[in-house]
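All residue numbers refer to positions in the sequence shown, counting from 1. Hydrogens, waters and symmetry mates play no part in the numbers below; they use all other heavy atoms, side chains included.
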Amino acid sequence: MNIVVLVKQVPDSGAERRLREEDHTVDRAAGTNLINEMDDYAIEEALRLQEAHGGEVTVVTMGPEQALESIRKALSMGPDKA
């Protein structure tokens, strides 16, 4: 069994955020980003399922190059690959 967990990197809700002048969207490069809290829970649950039933856990994300930080954090939690 291969359990796939989708991971999204989001701006830290506790950090100060700025908007980009050109399009008034959140400037992700200026702030602290982290894994969406609900995705953290999904990774933990996938690891529990793996422990109970075997198989492997894979994390997947889509985003800018800085999203690799979230993949590294996710892999440090115990999944097999990304």
Exercise. How about Q66 and N33: do any of their side-chain heavy atoms sit closer than 4.5 Å?
Worked result: yes
Problem set entry | M38 side, atom CE; K8 side, atom NZ - distance, nearest 0.5 Å | 15.0 Å
Problem set entry | Inter-residue atom distance Y41.OH - I35.CD1, 0.5 Å rounding | 13.0 Å
Exercise. Which atom names give the shortest non-hydrogen contact between D40 and K73, and what distance separates them?
Worked result: OD1-NZ, 3.9 Å
For this session: Apply side-chain contact (heavy atoms from CB on, under 4.5 Å) to L34 and list each qualifying residue two or more places apart in sequence or on a separate chain.
Result: V10, D12
Exercise. Where do A46 and V57 come nearest, in terms of heavy atoms and distance?
Worked result: O-CG2, 3.7 Å
Exercise. With side chains defined as the heavy atoms from C-beta onward, is the minimum distance between I43 and V59 less than 4.5 Å?
Worked result: yes
For this session: Provide the closest heavy-atom pair for A74 versus P79 in the form atom of the first, atom of the second, distance.
Result: O-CD, 3.0 Å
Problem set entry | Distance in Å, Q9 CD paired with E69 CD, rounded so as to fall on 0.5 Å steps | 5.5 Å
Exercise. Do R48 and E51 pass the salt bridge (Lys or Arg N to Asp or Glu O under 4.0 Å) test, and can you show the C-alpha distance, the side-chain angles, and the key distance before you say yes or no?
Worked result: CA-CA 5 Å; R48 283 190 201 103; E51 187 175 318; over 6 Å; no
For this session: Decide if atom CD of E65 counts as having more than 12 heavy atoms of other residues, nucleotides or ligands within a radius under 6.0 Å.
Result: no
Exercise. Do the non-hydrogen side-chain atoms of L6 and D39 ever get within less than 4.5 Å of each other?
Worked result: no
Exercise. Can you tell me if Q50 uses its side chain to pair, donor with acceptor, with the backbone of G55 under 3.5 Å?
Worked result: yes
Exercise. Are any non-hydrogen side-chain atoms of T58 and I3 less than 4.5 angstrom apart?
Worked result: no
For this session: Go through the structure and list residues passing side-chain contact (heavy atoms from CB on, under 4.5 Å) with H53, not counting sequence neighbours.
Result: M1, L49
Exercise. Is there a side-chain contact between V4 and V60 (heavy atoms, below 4.5 Å)?
Worked result: yes
For this session: State, yes or no, whether a side-chain contact exists between E45 and V5 at a heavy-atom distance under 4.5 Å.
Result: no
